[in-house]
Amino acid sequence: MGTEPEGRLTQSWTQPPAASRVGITLETYILDGMMGFPEATGAFTSLLNQIGLAAKLITSKVRRAGLANILGYTGETNVQGEQVQKLDEVANETLLSSLGRRGHCAAVASEELEEPRVLSTDPRARYVVVTDPLDGSSNIDVNISIGTIFGILRKKEDRAGAEAADFLRPGRELLAAGYVLYGSSTMLVITTGVGGVHGFTYDPTVGEFFLSHENIRIPSGGGLYSINEGNSGRWTEEVRRWNAWVKEEDKGTGRPYACRYVGSLVADAHRTLLKGGLFAYPADRKNQRGKLRLLYEANPFAFVFEAAGGRATTGSERILDIEPTELHQRVPVVLGGTEEVTLFEEFMRGKR
Ligand code: AFP
């Protein structure tokens, strides 16, 4: 299925559906992707299905979190030095066990794990997954949208297990990436790259994801910006100049732009993808390399935004071209429509 052979995905995985297919299930979408490739072994298809299953299981846990009394801190800290809440662990274990069940995923690198977890030592397990199983966890106990972020890479060689080198690869090598948003409804957004970005909304009454947002393209303009303004005292002069510009009054360019900031990357990025504008978490005096993580936060979103016709940059460099050196490496992140991101970069280069 073009997913199975080496390198990038091709043909039916990368073709947007000819006629509208709104209403088909995620499973049908995934299976249809495989149908164009008679030589497909089904491994990639199966992996995507397991991600869909994990999304259903996590959504049910997120929805019942208060009822099941599983909110609250465990008292432990994760590798980022943040307090781990129980739901983070639940989401992490749910994803790991779903991905481990069919034997196609060799290993997972997760925000919750210091080192990758090997799931299969069978050399036929040809994929590795990067994930932030429950992003925005500080929003859990105030009932605000959170999400799961994922990316799939092909393992470098057909040998047993996986090692750090299988994960330390530029985001442009992703075979697929996406996220699940646990919002007013649960949505799974996925792309295999040039085939476009597709959004599936979960119907809890039947337990299925249905295609609701076909071939998402980020609108240009939008008049929205999303940034933690509380950090402005720590920003560089260039970021402050850009920020002052978006707040200036100017009818011609539709300014001032409206500010929207949830503090959950999945929610802020999803709104930006659908409504346009720009999301930024730049480097600042405290977070000198940025705050967000390259492998499992920035790269999957960069992959999604580019596939939707937008751009993703650090402010000076394309995110998908960064050669990672560490599993939990941080990076400045700017996501948005082409014009908005290009303008931000002009400010960063001192051209404005
Ligand atoms: P938590 O998972 O600790 O809530 O962090 C969320 C996050 O990594 C990302 O989802 C947000 O975009 C970003 O942090 C928000 O950071 P600030 O709270 O510093 O604005």
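Nothing here was measured: the structure is a model prediction, and the numbers come from that model. Throughout, residue positions are numbered sequentially from 1 according to the sequence presented.
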Between the side chain of [X] and the main-chain N/O of [Y], is any donor-acceptor distance below 3.5 Å?
{"X": "Asp284", "Y": "Asn287", "answer": "yes"}
{"X": "Arg330", "Y": "Lys291", "answer": "yes"}
{"X": "Thr201", "Y": "Ser185", "answer": "no"}
{"X": "Ser226", "Y": "Arg260", "answer": "yes"}
{"X": "His328", "Y": "Leu113", "answer": "yes"}
{"X": "Asp166", "Y": "Lys155", "answer": "no"}
{"X": "Arg217", "Y": "Ala307", "answer": "yes"}
{"X": "Arg241", "Y": "Gly350", "answer": "no"}
{"X": "His198", "Y": "Gly195", "answer": "yes"}

Heavy-atom side-chain contact between [X] and [Y] under 4.5 Å:
{"X": "Ile216", "Y": "Val304", "answer": "no"}
{"X": "Arg289", "Y": "Val331", "answer": "no"}
{"X": "Leu175", "Y": "Thr192", "answer": "no"}
{"X": "Glu229", "Y": "Asn243", "answer": "yes"}
{"X": "Asp132", "Y": "Phe150", "answer": "no"}

Here the gap from Leu87 atom CG to Arg64 atom CZ, rounded to the nearest 0.5 Å, amounts to 10.5 Å
One should read off an interatomic distance between Ser97 OG and Leu53 CG, to the nearest 0.5 angstrom, of 8.5 Å
Carboxylate-amine/guanidinium proximity below 4.0 Å for [X] and [Y]:
{"X": "Glu208", "Y": "Lys56", "value": "yes"}
{"X": "Arg318", "Y": "Glu306", "value": "yes"}
{"X": "Arg117", "Y": "Glu112", "value": "no"}
{"X": "Glu323", "Y": "Arg172", "value": "yes"}

Let me see the working for Ser46 and Asn49 under side chain to side chain donor-acceptor pair (under 3.5 Å), right down to the final yes or no. CA-CA 5 Å; Ser46 170; Asn49 273 321; over 6 Å; no
Quiz item: Between Phe209 and Tyr202, what is the ring plane arrangement, given parallel below 30°, perpendicular above 60°, and tilted in between?
Solution: tilted
### Task
For the pair Tyr225 and Trp242, evaluate side chain to side chain contact (heavy atoms under 4.5 Å, CB included) and give the outcome as yes or no after the intermediate values.
CA-CA 11 Å; Tyr225 75 102; Trp242 163 82; 3.9 Å; yes
Checking side chain to side chain contact (heavy atoms under 4.5 Å, CB included) for the pair Thr28/Leu31: CA distance, chi angles, key distance, verdict? CA-CA 5 Å; Thr28 303; Leu31 273 175; 5.7 Å; no
Return a table of donor-acceptor pairs under 3.5 angstrom between the side chains of residues 340-347 and protein atoms on other chains or two or more places apart.
| residue | atom | partner | partner atom | Å |
| --- | --- | --- | --- | --- |
| Glu340 | OE2 | Gly221 | N | 2.8 |
| Thr342 | OG1 | Arg311 | NH1 | 2.9 |
| Thr342 | OG1 | Thr338 | O | 2.7 |
| Glu345 | OE1 | Arg311 | NH1 | 2.8 |
| Glu345 | OE1 | Arg311 | NH2 | 3.0 |
| Glu345 | OE2 | Arg311 | NH2 | 2.9 |
| Glu345 | OE2 | Thr313 | OG1 | 3.0 |
| Glu346 | OE1 | Arg352 | NE | 2.8 |

Walk me through whether Arg349 and Ser316 qualify under side chain to side chain donor-acceptor pair (under 3.5 Å).
CA-CA 8 Å; Arg349 286 200 301 269; Ser316 59; over 6 Å; no
Determine, stepwise, if the pair Arg285 / Thr236 fulfils side chain to side chain donor-acceptor pair (under 3.5 Å). CA-CA 8 Å; Arg285 230 178 23 247; Thr236 62; over 6 Å; no
Q) After noting the C-alpha distance and the side-chain angles of His213 and Phe200, does the key distance pass the ring pair (Phe, Tyr, Trp, His ring centres under 6.0 Å) rule? A) CA-CA 6 Å; His213 296 62; Phe200 296 80; 9.7 Å; no
Exercise for the section: Apply the test side chain to side chain contact (heavy atoms under 4.5 Å, CB included) to residues Leu273 and Phe301: give CA-CA distance (whole Å), side-chain angles for both, the deciding distance (0.1 Å), then the verdict. Expected result: CA-CA 10 Å; Leu273 187 69; Phe301 272 110; over 6 Å; no
Given the options Leu174, Val130, Ile149, Leu153, Asn299 meets side-chain contact (heavy atoms from CB on, under 4.5 Å) only with Leu174
message: For Asn143, is the CG atom crowded, meaning more than 12 foreign heavy atoms sit under 6.0 Å from it?
response: no
